[in-house]
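Being a predicted model, the structure only gives us computed values, none of them experimental. Values reported hereafter were calculated over all heavy atoms of this structure, with side chains retained and with hydrogens, waters and symmetry mates removed.
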Amino acid sequence: MFQNFCRQVFDLGIKDLKNRKAIDIKKTDCISGLIRRQTIQNIERIAERVLIQDIHRKKETGFLQGKTPEEQYRFYHEKWLDCRENVYKILKEFPELARLLFMEIQCNYELADEILEHLETDYSQIIKTFCHGRDFGDIREVSFMGDAHNRGKKTARVEMDNGVTVYYKPHCLQNSQRYQEIYAYLCKKAGISCIEQRYLIRDTYGWEKHIEWQCCHTEEEVRRYFFRMGIHLMLGYTLGVTDLHGENVMAHGEHPVIIDLETCPGYIIQTEESSVRRKTETLLAKSVLHTGILPVLTWGAGKEAVILSAVNTGKIVTPFRVPAVKKAETSEMYIDYQPVEFEIKENTLKINDKIVNAYEYAGNLEQGFRFAYEKVLTDKAITEMLEAFYDTGARVILRHTQQYSMYRFLSWHPDYVGERKRRAQLLQVMHREGETETQKKIHDYEIQDLLENDIPCFHTEGRERCIYTGDGKSVKDYFPVSPYESWKIHIKHLGKKDCQYQCDLIWLSMTMQRKKRSSFYKKHSGTVRKTQIENQLKNIINWIVDTAVTAEDGAGWTGLQFFENGLWKMVPAGMYLYDGICGIVLLLGEYLKYFQDEKAKDVFNLAVKRMCIYTQELEMGQVNSSIRTGVFDGECSVVYTFLLLHEITGEEKYLSYAEKHFAVIKKYFSQDVNYDLLSGNAGAAIAALKLYQIKKESAESADQYLKEAVEIEKNLWNRRQTMEKGCGWKLSCAEKPLAGMAHGNSGFLMLYTALYQITGNREYLKKINLLCEYENSLYSEEKENWLDLRSPEGEQKVMNAWCHGAPGILLARLEIEKIKEHQETEEDIKRASRSLFYGKEDGRICICHGLAGRILIMKKYLEQHKNPEFREIYNQKVQELFFMLEQKDDLNASETRNPAFMNGISGVAYALLKLYTEMK
């Protein structure tokens, strides 16, 4: 695009280097042509913003000839940039740019000189180690790769004239060799082959053999590939490595090959803090999820989240926007920022030409992991090999490279490359208010490195607490303990319980990639005995108890956070009933009514303690409450859970905490614009009515809760949206008001029905009729269900779940049916019940959108209606739920290995408990 300018600058730079004798021309001339092109490309990347500004200035002042933008660009390129005098003018106007460009040329030639010198020194060893004794004379190609560190040092791909390709790494490869040895040892113990990854190790650099991508040819090869990947996963987990992602793993037939181990061993985070949340965050930070191998979020969040794992396939779009030239080679060119789409082909596993679905081999991955885990625990030779990693150092990454690259790119703007001082002022943004002296030293170094056009690089020494900058300076006491001491703590925590927890994470991450779920519809028959339900129930309770994280301030769990695009990440479980601590507490409280279980009781008490402390923290203003006020996914879910615990146990303290919590959060009611039952004001009013009903027999203060509910309803009604038929509430998740329980009119109907039953105010009956009228306008005769308006425009989709569709709508109609003055629900109940009992299913089992929720609604229906045919289907669904749980590996791990109440296993256990208690 600006080749004439770049060639001129390149020639000037080479001339300057020769004059100063800064490079050995005789050595570098032999590969000058090979690195010239790369150097010119780098020069153009650094200078393009200045040149884009220059062409715009020339156009505005009438110095460009041509009728079209294309002609004007050609004139600029050929007449202005091909003139050395004009190039001098630009470099003189931007002296910092000139410095960067000449430095780029010098660094590339110094690196080339270094490679040639080491190639000559190691000549005989390279032939012996990599070439099977075959001599070489010339270098066919040299390609610089990756980021520049420590004055332009980069990895280089070197292809020799004997056909052999090696990589030059500007750092020691001792730990790469150690990793190869321990991996080969484990493969031998497992009775499987191991491809030899060859290294030539020197103190400050090394050579590595190039590995070619290859496909597999049989299913057995694929199974062995994932078994080996399980070994890599365990080694990465044991050594705290966090960048074994897709860019650093090569698929070589049945062998997954790690091609970059610069950050091995990693620093394994430890914590002595007493809070549940901090301990849970630490547990996740050092889990298998952070090795890079498993398909979990790597970058970004929400719609822009990205998976870059070693077992992920397909195209990837970066969540961050990368600068790109628009309207290139015209006088109108400009810089825009856009996501970049790319594909990592080297780690894509195939059987011949077919891409392998990694999730189908989750079992093989787990087998390899368990095998390596057991060997680490029992084989002293492995412990000694692992310990040796801490005799040397490793790179440590303090920020994403993309962040550094963006800061550096911004500093190339014409406003900052006029003088070094201006660039330095811009880069001061890397400092943070309130930073410690240690942090200041780190940020100062980062700024200095970026000023020299390098990506900042840090490393550790295994048995020291300090961190070293790329130029060898130490920042003392950076870590609380040394990497070696941290690893020793980590090793002590390995054991059967931890192995199972990590395997649960493996299954969770791998099965979340499934595109289709197993369907068990009408697959099983037979009678489920009460003892079978009890055993399954206790299995779930034991898993929940075993996975609890306990601390001084109570108990917590790890849970799932979902994004709009379907991706997810593991996070410390929140507080709310839907997917947090409250839901698990509700299950344990109900369970302990019927079973003596000391371990479950201890965890229950700790989790309740966490709820109580949370309320106290809110009262004292120590934490910020969410503006979400709903009864499932909002602050009133905490109130509601305390009230349910009061009913379950009879203990007055729970009622007291419910009132305290309600008093703190009621200020948020007017701010919440969610409105719905799940997370908004409709749910808040339900909680207020629940408080009123419990308090009305014993306290005069009960009326305040009824008044609060009435006031919430008035505000809700003022915010309704009148439709062609009836009305509803438009929420952010759809263009029109929805049908259904979670976010739609049925959720609001639960409030209005309760208000009428308590107050007898016939205005609520009129509102019930309007809400039903709109909701029924969304009924589809073709689908035999209520439409889900969250679907893309033009698509007519339905759900058969508590949250959306007929089951939740049936639940609301069953409540309305209890109102004697309202007799217009018969047709709705008939429609909804048929959809519930006969509708399609998708293999989910949770309460919110799965079989457990449908079973509980079926149970509710059959308590109010006698229907032998439906009773038979209900019994069959109970059997199906039980048998599905018996085959949980065929289910989605987001439900079976997620402790949440509404979308996880706690709610399923709650449903089993309700079934258990009604059995004879």
Under the ring pair (Phe, Tyr, Trp, His ring centres under 6.0 Å) test, residues paired with [X] that sit two or more places apart:
X: Y654; value: none
X: F882; value: none
X: F632; value: W802

- Query: Y576 and E635: side-chain hydrogen bond (donor to acceptor under 3.5 Å, both in side chains), yes or no, with the steps?
  - Reply: CA-CA 7 Å; Y576 299 153; E635 288 297 334; 2.7 Å; yes
- Mind running side chain to side chain contact (heavy atoms under 4.5 Å, CB included) on V798 and S835 for me, showing each step along the way? CA-CA 11 Å; V798 298; S835 183; over 6 Å; no
Restricting to side-chain hydrogen bond (donor to acceptor under 3.5 Å, both in side chains), what partner residues turn up for [X], sequence neighbours left out?
X: E782; result: none
X: N898; result: none
X: T896; result: none

Is there a side-chain contact between [X] and [Y] (heavy atoms, below 4.5 Å)?
X: C772; Y: R813; result: yes
X: N761; Y: V710; result: no
X: T825; Y: I819; result: no

Quick check: does any side chain N or O of [X] sit under 3.5 Å from a backbone N or O of [Y], one acting as donor and the other as acceptor?
X: S906; Y: P899; value: yes
X: S509; Y: L505; value: yes
X: N785; Y: A806; value: yes
X: Q561; Y: V571; value: no
X: T917; Y: K914; value: yes
X: R831; Y: D828; value: no
X: W557; Y: I544; value: yes

Please list, one pair per line, the donor and acceptor atoms closer than 3.5 Å that link side chains of residues 729-756 to other protein atoms, with sequence neighbours excluded.
unit_1, atom_1, unit_2, atom_2, d
W729, NE1, L716, O, 2.7
H743, ND1, D676, OD2, 2.5
N745, ND2, C727, O, 2.9
N745, ND2, L771, O, 3.0
S746, OG, E775, OE1, 2.9
S746, OG, E775, OE2, 3.0
Y752, OH, E713, OE2, 2.6
T753, OG1, L749, O, 2.7
Y756, OH, E821, OE1, 3.4
Y756, OH, E821, OE2, 3.3

- Query: What pairs of residues pass the salt bridge (charged side-chain N to carboxylate O under 4.0 Å, His left out) test when at least one of them lies in residues 848-860, not counting sequence neighbours?
  - Reply: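 Output for this query lists E815-K860, E841-R854, K859-E863, K859-E918.
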- Could you check Y874 against I855 for side chain to side chain contact (heavy atoms under 4.5 Å, CB included), going step by step and ending with a plain yes or no? CA-CA 7 Å; Y874 166 74; I855 285 174; 3.8 Å; yes
- Query: Going by the side-chain hydrogen bond (donor to acceptor under 3.5 Å, both in side chains) test, which pairs reach into residues 684-694, not counting sequence neighbours?
  - Reply: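 Qualifying pairs: E647-K690.
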- List the steps and the verdict of side chain to side chain contact (heavy atoms under 4.5 Å, CB included) for N674 and T629. CA-CA 8 Å; N674 290 300; T629 61; over 6 Å; no
- Query: Y764 and Q757: side-chain hydrogen bond (donor to acceptor under 3.5 Å, both in side chains), yes or no, with the steps?
  - Reply: CA-CA 9 Å; Y764 295 129; Q757 289 172 330; over 6 Å; no
- Message: S670: which residues meet the side chain to side chain contact (heavy atoms under 4.5 Å, CB included) condition with it, sequence neighbours left out?
- Response: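 Partners of S670 by the side chain to side chain contact (heavy atoms under 4.5 Å, CB included) criterion come out as none, since no residue qualifies.
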- Below 4.0 angstrom, N of the basic side chain to O of the carboxylate: do E617 and R610 qualify?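 Looking at E617 and R610, the cut-off is met.
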- Looking at residues at least two apart in the chain, or sitting in another chain, which of them share a salt bridge (Lys or Arg N to Asp or Glu O under 4.0 Å) with R790? D788
- For K695, all residues meeting salt bridge (Lys or Arg N to Asp or Glu O under 4.0 Å), sequence neighbours excluded: E659
- Test log, rule side chain to side chain contact (heavy atoms under 4.5 Å, CB included), inputs R720 and W717: CA-CA 5 Å; R720 76 191 185 283; W717 194 250; 3.2 Å; yes
- Verify whether the ring centers belonging to F669 and F662 lie closer than 6.0 Å. yes
- May I ask you to check whether F837 and Y861 place their ring centres under 6.0 Å from each other? yes
